[in-house]
Amino acid sequence: MSGPTMEASARACANIALAKYWGKADVKRNIPAVPSISLTLDQLVTETRVRFDPSLSSDLVRLDGRRATEAEADRVVAMLDRVRREARLRLRAQVSSHNHFPTAAGLASSASGFAALAASASAAAGIRFNARRLSALARASSASAARSIYGGFVELPAGSRGDAELAARPIAPPGHWNVRLVVALTDPGKKKVGSTEGMERSRKTSPYYEAWLDQAPKWSRKIKRAIKERDLDTLGEAMEQSTLAFHCCAITSAPPIFYWAPATLSALATVRGLRERGVSVWATMDAGPHVKALCGVGDASRIRQALDRTQGVTRTWVAKPGPDIEVHR
Ligand code: ADP
């Protein structure tokens, strides 16, 4: 198969885990050990274009307008190889991707990045996957990418070793619940310990890892129910517990993994202070220092202002539930 039409692009939104993902049941196949639930975010977008080209002798990968590092390119090529196997294709590809927000900084660029890559590469190769197959393909590179195939509220079940078809599924579309997520950037740097390495370190060394595996499904069930019932306080409380328990695992790993910056604690105090004054707002952090505050649409600008005034917060966004992935052939 070859020709000028072997090109496609995709636009995917990152997502924030409301029920946190931390820990793998199968590292090689990238199977999560706990169920996770996320909200796809309209403001954090990746756009990726892939072109299979008979004139290329190796894959060329550009990320954010520069040549990808070797480590970044290796992860992209691993996905291209999966797609080539499916399509029985040998051609090398040119990949160009832009994250319209900071890369590798704890804002889930890997989620939107690998979702957009899975979709654009398979479309360019002429494969018409349904959303479930696309989600399983994206999941092989990054579990959170499996969730970025869908808009709105999404779950990724826990899997077991060898579960190659494990995929995310939608819980509710973006229009189900008009919540807002105020993202407070606390530190523009890259994260020091990547998620895969951090999870494995926690599994091997944290005394709280087993307790995390034991408790995480309970928070996930509670969050799913709260989404269906549009119950922000129940969701928020379970999300904060899930967040703190996962960070507890990271912090108690050896050597410890601190994703937090001083401004993380300041922003958490801002959120708690607002709540004490009667605002329904709840915080979460992924494997990074940024604080994301979940709230109702009417409170978002006030919360944003308070986070903007918080020491160490460098930038804020207000994101709303984002759409499904888009693919253009
Ligand atoms: P993040 O919190 O941003 O997801 P991670 O360290 O988990 O941070 O993942 C970042 C890595 O994901 C990058 O170093 C790169 O390898 C990969 N990545 C990020 N964005 C893209 C993209 N648009 N296309 C391909 N790979 C990407």
Side-chain angles (χ1 to χ4, degrees), residues 8-17 20-24 27 30 32 36 38 40-41 43-51 59-83 93-122 124 137-149 156 183 185-202 243 246-247 250 257 259-261 264 284-292 317 325:
S9 62
R11 180 185 187 279
C13 297
N15 65 78
I16 174 84
K20 296 299 180 185
Y21 160 49
W22 192 249
K24 295 181 198 279
V27 175
N30 205 32
S36 56
S38 60
T40 300
L41 301 174
Q43 291 276 308
L44 305 184
V45 173
T46 296
E47 287 177 293
T48 300
R49 171 162 288 279
V50 174
R51 181 163 56 87
D59 294 315
L60 298 179
V61 183
R62 292 186 68 78
L63 182 54
D64 297 332
R66 56 167 172 85
R67 201 175 152 170
T69 64
E70 207 177 317
E72 289 166 344
D74 284 352
R75 290 185 74 181
V76 169
V77 171
M79 172 62 83
L80 293 174
D81 285 342
R82 271 180 225 116
V83 170
Q94 185 162 0
V95 177
S96 174
S97 184
H98 285 271
N99 296 323
H100 297 277
F101 60 99
T103 298
L107 289 173
S109 65
S110 50
S112 48
F114 288 108
L117 179 64
S120 53
S122 49
L137 179 66
R139 197 258 313 131
S141 285
S142 159
S144 55
R147 301 186 308 241
S148 273
I149 300 298
L156 177 61
V183 180
L185 207 64
T186 57
D187 181 336
K190 299 212 169 200
K191 60 169 113 159
K192 293 176 187 63
V193 182
S195 305
T196 302
E197 185 192 338
M199 287 179 198
E200 275 306 279
R201 199 187 294 175
S202 288
T243 302
F246 126 62
H247 279 282
I257 309 162
Y259 285 119
W260 298 358
T264 311
T284 185
M285 295 82 68
D286 286 318
H290 315 301
V291 173
K292 293 113 179 185
W317 290 269
I325 194 164

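Numbering of ligands and ligand atoms starts at 1, following listing order.
- Between the side chains of Ser96 and Arg51, no donor-acceptor pair of N or O atoms lies under 3.5 Å.
- Taking 4.0 Å as the cut-off between side-chain N and carboxylate O, Glu72 and Arg66 count as a salt-bridged pair.
- Asp64 is linked by a salt bridge (Lys or Arg N to Asp or Glu O under 4.0 Å) to nothing, counting only residues two or more places apart in sequence or in another chain.
- Backbone and side-chain nitrogen or oxygen atoms of Thr48 are examined, and none is located within less than 3.5 angstrom of a nitrogen or oxygen of ligand 1.
- At a 4.0 Å heavy-atom cut-off, ligand 1 touches Ser97 through the side chain alone.
- If you look at Val76 next to ligand 1, the close heavy atoms, those under 4.0 Å, all belong to the side chain.
- Of the N or O atoms in Thr46, none lie within a sub-3.5 Å distance of an N or O in ligand 1.
- In this structure, Ser195 is part of the shell of residues with a heavy atom less than 4.0 angstrom from ligand 1.
- Within the set Val61, Leu44, Leu63, Thr196, the minimum heavy-atom distance to atom 22 (C) of ligand 1 is found for Leu63.
- The closest non-hydrogen atom to atom 19 (C) of ligand 1, taken over Ala116, Ala145, Ser109, Gly113, comes from Ser109.
- Contacts of Leu107 with ligand 1, taken as heavy-atom pairs under 4.0 Å, involve the backbone alone.
- Side-chain contact annotation: Ser148 with Asn15, donor-acceptor N/O pair under 3.5 Å present.
- Of all the listed residues (Glu72, Arg75, Glu47), Arg75 holds the heavy atom that lies closest to atom 11 (C) of ligand 1.
- Scanning both residues, Pro32 and Leu156, for their nearest heavy atoms gives CG-CD2, 3.7 Å.
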Donor-acceptor list for residues 105-113 side chains, cut-off 3.5 Å, not counting sequence neighbours:
{"from": "Ser109", "atom 1": "OG", "to": "Ala104", "atom 2": "N", "distance (Å)": "3.0"}
{"from": "Ser112", "atom 1": "OG", "to": "Thr46", "atom 2": "OG1", "distance (Å)": "2.7"}

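- No hydrogens or angles considered: a donor-acceptor pair under 3.5 Å links the side chains of Ser38 and Arg147.
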